[in-house]
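Accompanying notes for the structure given below.
Note that the coordinates shown come from a computational prediction; the quantities given were computed from them, not determined experimentally. The sequence lines fix the lettering, A, B, ..., with proteins before strands; numbering per chain opens at 1.
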Protein chains: 2
Amino acid sequence: MAVTLRDIARKARVHPSTVSRILQNNRTVKISEETRKRILAIARELDYQPNELARAFRLRKTQTIGLIIPDISNSFFSGISHSIEKQIYDAGYNLVVCNTNENLEKERKYVRNLMNRGIDGMIIATCQNDEKYFSDLKKKSLPFVLIDRFFANLATNCVFSDNKNSAFAAVEKLKNLGHRRIGFLRGRAQLSTIRLRLQGYLEAIRQFNLDDENELIAGDGFTVEEGYAATKSLLTLQNPPTALLTSGNRLVIGAMQAIKELQLKLPDDLSLIAYTDNLFTPYLACPLTTISHPLAEMGESAVNLLMQKISRPEDKTVVQIEVKTIFSVRESISACRPRMDE
Amino acid sequence: MAVTLRDIARKARVHPSTVSRILQNNRTVKISEETRKRILAIARELDYQPNELARAFRLRKTQTIGLIIPDISNSFFSGISHSIEKQIYDAGYNLVVCNTNENLEKERKYVRNLMNRGIDGMIIATCQNDEKYFSDLKKKSLPFVLIDRFFANLATNCVFSDNKNSAFAAVEKLKNLGHRRIGFLRGRAQLSTIRLRLQGYLEAIRQFNLDDENELIAGDGFTVEEGYAATKSLLTLQNPPTALLTSGNRLVIGAMQAIKELQLKLPDDLSLIAYTDNLFTPYLACPLTTISHPLAEMGESAVNLLMQKISRPEDKTVVQIEVKTIFSVRESISACRPRMDE
DNA sequence: ATCGTAAACGCAAACGATTGCCTCTTAACT
DNA sequence: AGTTAAGAGGCAATCGTTTGCGTTTACGAT
């Protein structure tokens, strides 16, 4: 059905290998300019489309990379994906997007699946908490780059952001506004990003001698609902925080829901700094002070790094790229004032 | 390097075809239970992973479908993608995501590319305005489903929403609130979705005898910036609209920016109904009245339909599925009151 | 002893493209 | 004339799986 090299060869009365060489523009073997023209004309005439599957099979190179992320509908990951796709496409690659929903098993299945399909590399925002998995993966010699989440003790290529410092800076900012009781809406405790943010939060709390209580830290999920529940629990404490640091695109939506429901006004009743990469934050009733990520840059770095590793498989050096988060001060934080009921 | 059927066969002293049959659980040829066990044990022992590339090549079936969308970072498409990925995965397929950025040429390249790679089907939110392209594509006998955007005159499988009726209903709602001068922030005029919304808008305007002026319709793009510019032009007319119908996830962000900048208060100074699928709209200063889409349902329908077409290629019937948009009345609309300066 | 037959498995082609190596022709050079 | 070399292109193997068709063996029936 589809036109193959053979069809062209038959029509041109040459050998398929000749056609292949011409179409690949392979110069190791000489082909006369005349035959070249002739073959190219016939190829065009027959509308020859190379069977990329056959090529990939033969060459062991699919021009495809896999992207493994927890949730494509989360603007953080969709933003990164957008950037990755652009870079990939320009380099002549295709992108297989794999959504794990933070499910360990699904992620592993996808990795195996991608490898069996012969992809050339992977970019992974992992939900694994098991270093060994990735130290094993490294041995398989398929290039990959971790993104956003990584393992401090494991030398893997990765692109991540300054979670610890940014959390520290956020708390410091709130301290400077007079807040001493700062809540942390955490997110999934096992993720490296969250752990680092927690570290930054705790270090600041301790360094500045702020209220250091376990009850000020809540949440261990990533959904809107979990953000809502955790925020509500924080804000209905006997002695609730006067400021909140929120982690995660989804969680912050839940947090806003809870804040609204409790009829608290930002920033008068509560100061809020949110880790979020949503576009709308500047246009809210009270524009949120945010810590956001340079999504395009992250995607670009990850792809560049991966392409490097793909093109030089013998180069085993590990590259770890840290990008700066963006601290945007808007109206959701203000000087701490005593509560009515105090 | 990788373990192949041959390796297993060699070790088990059988022919590769036997191993293949056992691993595929192909019952057309009898294999003794004993050999079966033995082979399976060896396969496990060697950690055999099938070369899916070779299988795909041989079987002409890649278990992969392509998704072509304008912008994965747009919550409308990322929401649909999320749903599609889920369905696809459950059916044992992989998803190649192709981002066109509303670029006609890139879309066409991607389609060709995907076909050369032997994907089993496509789901396309096209930016083509050329029916012929798709009538040609139909002839290639590769199953595809259009999503969101389609061609009224062309019998293609598709999943779309009730753009016309929803726009009509929105205008009617505004009329009932006393608005007579209703602006339409349009979006890319050539898209079927936009055209239909415009039709609904115009029909309502005429049926209810509202202000029918060309200057009330603005915008022909899809970016935040274009939404901002168009909104600003509408709201700074000599005789500006008292209500606005906004089309497109991105545009609405720009619209909010313009509204904010002009220091207009929703809904007192302006009523706003937006086509948007962003999660945040309920939590804005003034929660937006929206027309949104059942993204999960759309993705699911598209996949189901595509899978049907893939599994029964001989069935040439065309299925067109219309889903209902969701009209959520919130606080951004109110009764029309005369402007101060009138 | 012969035939039939079913069970169990082997054989080899095929999918389409690539590539190292070989062959043939022609022309230049000694 | 004979040698050499370059130019132009053919040959066939190969990538890993699948599958239609054969072949062998064993065993029961005649």
Side-chain angles (χ1 to χ4, degrees), chain A residues 1-40 42-43 46-64 92 112-113 115-120, chain B residues 1-40 42-43 46-64 92 112-113 115-120:
Chain A
M1 12 197 311
V3 177
T4 72
L5 286 183
R6 268 182 178 65
D7 298 326
I8 300 181
R10 208 167 4 240
K11 185 148 189 174
R13 307 194 158 279
V14 296
H15 196 268
S17 60
T18 305
V19 182
S20 170
R21 286 191 250 257
I22 290 173
L23 263 38
Q24 297 312 312
N25 212 4
N26 181 334
R27 294 311 182 114
T28 64
V29 166
K30 295 263 179 189
I31 308 282
S32 75
E33 195 50 30
E34 184 223 322
T35 348
R36 168 180 309 276
K37 297 272 189 215
R38 196 158 52 93
I39 302 291
L40 286 176
I42 296 181
L46 298 184
D47 188 28
Y48 169 74
Q49 299 289 337
N51 182 331
E52 297 290 352
L53 211 53
R55 294 196 69 208
F57 173 48
R58 168 68 224 246
L59 298 177
R60 310 181 153 287
K61 186 92 174 42
T62 50
Q63 296 291 113
T64 299
R112 207 174 318 134
N113 182 258
M115 295 184 68
N116 292 347
R117 280 162 187 270
I119 52 150
D120 301 329
Chain B
M1 10 201 313
V3 177
T4 72
L5 286 183
R6 270 184 175 66
D7 298 325
I8 300 181
R10 204 162 11 233
K11 184 147 186 173
R13 309 195 154 280
V14 298
H15 195 268
S17 62
T18 305
V19 182
S20 171
R21 286 191 250 256
I22 291 174
L23 264 37
Q24 297 312 313
N25 211 8
N26 182 333
R27 293 310 182 114
T28 63
V29 167
K30 296 260 180 191
I31 307 281
S32 76
E33 195 50 30
E34 185 222 319
T35 349
R36 170 181 305 277
K37 297 272 190 213
R38 196 159 52 91
I39 302 291
L40 287 176
I42 296 181
L46 298 183
D47 187 29
Y48 170 73
Q49 298 289 337
N51 183 329
E52 297 289 353
L53 210 53
R55 294 197 71 207
F57 173 48
R58 170 67 223 244
L59 298 177
R60 308 179 156 286
K61 187 93 173 38
T62 50
Q63 296 291 114
T64 298
R112 207 173 318 133
N113 183 259
M115 295 185 69
N116 293 347
R117 280 164 187 271
I119 52 152
D120 301 329

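Taking the C1' atoms of five terminal pairs at each end of the helix from C/dA1-D/dT30 to C/dT30-D/dA1, the two resulting helix axes are inclined by 70°, rounded to 10°.
A/Arg10 pairs by the side chain to side chain donor-acceptor pair (under 3.5 Å) definition with A/Asp7, not counting sequence neighbours. Remark: B/Asn25 engages B/Arg27, B/Arg36 in a side-chain contact (heavy atoms from CB on, under 4.5 Å) (not counting sequence neighbours). Applying the side-chain contact (heavy atoms from CB on, under 4.5 Å) criterion to B/Ala12, with sequence neighbours excluded, gives B/Val14, B/Arg38, B/Ile39, B/Ile42. Partners of A/Arg55 under the side chain to side chain donor-acceptor pair (under 3.5 Å) rule, at least two apart in sequence or in another chain, are A/Gln24. With sequence neighbours excluded, the residues satisfying side-chain contact (heavy atoms from CB on, under 4.5 Å) with A/Lys61 are A/Leu59, A/Gln63, A/Tyr93, A/Asp120, A/Ile310. The side-chain contact (heavy atoms from CB on, under 4.5 Å) search around A/Lys30 returns none, not counting sequence neighbours. Under the side chain to side chain donor-acceptor pair (under 3.5 Å) criterion, B/Asn113 pairs with A/Asn94, B/Arg117, not counting sequence neighbours.
Counting to the nearest Å, the C1' atom of C/dC9 and the CD atom of B/Glu34 are 13 Å from each other. Atom CZ in A/Arg27 sits roughly 12 Å away from atom P in D/dG7 (whole-Å rounding). Here C/dT19 presents its P atom at 13 Å from CG of A/Asn25, a figure rounded to the nearest Å. Regarding B/Asp7, its CG atom lies at a distance of 13 Å from the C1' atom of D/dT17, rounded to whole Å. Summarising the geometry, the separation between CD1 on A/Ile31 and C1' on D/dA6 is reported as 14 Å, rounded to the nearest angstrom. Distance, A/Lys37 NZ to D/dA8 P: 14 Å, rounded to whole Å. We find that CD1 of A/Ile8 is positioned 16 Å from P of D/dG9, with the value rounded to whole Å.
Counting any heavy atom pair closer than 4.0 Å across all strands shown, B/Thr35 reaches sugar-phosphate atoms only and no base atom.
For B/Thr35 and B/Ser32, the side-chain atoms include at least one donor-acceptor pair closer than 3.5 Å.
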inquiry  = Does the protein touch nucleotides 10-18 of chain C at the base, only the backbone, or not at all? Give it as B, S and - per nucleotide, heavy atoms under 4.0 Å.
reply    = BBB-BBBBB

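Screening A/Val19, A/Ile22, A/Ile8 for a side chain to side chain contact (heavy atoms under 4.5 Å, CB included) with A/Leu40, the sole residue that qualifies is A/Ile22.
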